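These notes are about the structure you will find just below.
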2 protein chains.
Amino acid sequence: MTEAPAHDRGTRSREAILDTATDLMSRHGYAATSISMISAACGLPASSIYWHFGSKDGIYVAVLQRARITLETALPSIDVPGADVAQRLDSFLEALTVVFQRHPHGTKLLLGLSMLQQSASAEAVAELHRYRDTLMAWARGALSRVFDLGDRPEVSEELARFTLRTASGTAVARWFEPAASLDIEPLRVALRALAAHRSGVPAGKTPRVGHP
Amino acid sequence: MTEAPAHDRGTRSREAILDTATDLMSRHGYAATSISMISAACGLPASSIYWHFGSKDGIYVAVLQRARITLETALPSIDVPGADVAQRLDSFLEALTVVFQRHPHGTKLLLGLSMLQQSASAEAVAELHRYRDTLMAWARGALSRVFDLGDRPEVSEELARFTLRTASGTAVARWFEPAASLDIEPLRVALRALAAHRSGVPAGKTPRVGHP
DNA sequence: GTCTATAGAGGGATAGAC
DNA sequence: GTCTATCCCTCTATAGAC
């Protein structure tokens, strides 16, 4: 154990730092997480952290990047199984639940860190967008299969956006009730109704919204 | 102007501090907002800020409290006008849009600051919950009127929860696209479908959700 | 109530031995 | 790659004159 290839030592340390940084930053937010907190929690001195990542912002970018890559390899196939719409919708919602539960970092990071605004570096903002785009692309593709929307990409887009907003809103709700789950049932009803609505209404016959 | 009643001077300063603190904290988050930033932005020295609020946490609590009170007095009547369901739903969604656009502090604060977790004081957490409860109570009451759900409080509750989660999700989405609006249309369709679903299904006939 | 000045702690980041 | 030690800065909070 102790004579592990010296080559791996650095890699292991790097991962350990990323683990603790992911945990702390998703719980406290970027600004409230200090290098010394990370150092104390993972056992490595601050200088090692700087050697690996160069700056606090560098850690943040690396954390986001790794989270996205993990998410990408973990996302179930877009080829949602199921014979009819109901079955495919079930499959999709089940996959969504799994993603939501197994990868809370993503949503938490988007929440807890996204308010950097001006303070965030360009790379950090880019990584944040990449993470969101990954989720959107998956949801769009999967929902297109579920409702067979190959010829109506704008409907898939709307359904995906709606789904992600519901998921984000649930992540927010979790702060108040940590046990809050994704509430699959209303989402199922809403998605079916929305898909039906958009199929029946040939795009354009949108009832007035009422913006004086 | 300069000879304003000396009595008001303190009150005015207090309000000025709260204004800038609300702005800065909702943009950068609690941790990333420093006393010196507030001091520089509002022109008063740090010691005045401490004289008024005692601590940084005290500012946060006061900011939340004032935001909630402002919201409460601004919330439209729960007595949603309209002859039929469609009209009342329109009224409700319009009111929701106004609240969402005119009081972005609330959602932003819930987002930007809610990740305090352990670091937050008990009072801060209490205020945060009070803010959320205010919104929930309003949405619950209004939706009960819209769909005439006086005898089914659990349905009003579900609809309100769904509505607030959508709104929260939209607030999150705004970070990526600052112009993102509330997407009234899908919400309308979803709420109608949900209400109809719950009216037709006598509570209990919930299709399996699929948790192995 | 508002100011100047400052204490005391902790932040991010680096130097240089090993 | 990892360590100890440290620089410099900003932070929260307070003291005390006005």
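As a basis for the values below, the full set of heavy atoms in this structure was taken, side chains included, without hydrogen atoms, waters or symmetry mates. Within every chain, numbering begins at 1; the chains are lettered A, B, ... in the order of the sequence lines, protein sequences first and strands thereafter. Being a predicted model, the structure only gives us computed values, none of them experimental.
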Interatomic spacing from OG in Ser48(A) to CD1 in Ile38(A) - rounded to 0.5 Å: 13.0 Å
CG of Leu64(A) to CD of Glu123(A), rounded to nearest 0.5 Å, is 11.5 Å
Return the value, rounded to whole Å, for the distance between atom [atom1] of [X] and atom [atom2] of [N].
X	N	atom1	atom2	answer
Lys56(B)	dT14(D)	NZ	P	15 Å
Ile59(A)	dA13(C)	CD1	C1'	11 Å
Tyr50(A)	dT2(D)	OH	C1'	16 Å
Trp51(A)	dG16(C)	CH2	C1'	16 Å
Leu44(B)	dT4(C)	CG	P	11 Å
Asp8(A)	dT2(D)	CG	P	12 Å
Glu15(A)	dG1(D)	CD	C1'	16 Å
Phe53(A)	dG12(C)	CZ	P	15 Å

Would Lys56(B) count as a cation-pi partner of Tyr50(B), with NZ or CZ less than 6.0 Å from the six-membered ring centre and within 45° of the ring normal? no
Does NZ or CZ of Arg132(A) come closer than 6.0 Å to the centre of the six-membered ring of Phe176(B), within 45° of the ring's axis? yes
Give, ordered by number, those residues of residues 34-42 of chain A having at least one heavy-atom distance below 4.0 Å to an atom of DNA chain D; if nothing qualifies, reply none. none
Between Glu158(B) and Arg161(B), does a salt bridge (Lys or Arg N to Asp or Glu O under 4.0 Å) hold up when you go through it step by step? CA-CA 5 Å; Glu158(B) 184 176 27; Arg161(B) 198 164 53 218; 5.1 Å; no
Side-chain N or O of Ser47(B) versus OP1/OP2 of dT4(C): is the shortest distance under 4.0 Å? no
Taking N and O atoms by type only, does the side chain of Ser55(B) place a donor or acceptor under 3.5 Å from a partner on the base of dT12(D)? no
Check this for me: does any side-chain nitrogen of one of Arg198(A) and Glu154(A) sit under 4.0 Å from a carboxylate oxygen of the other? no
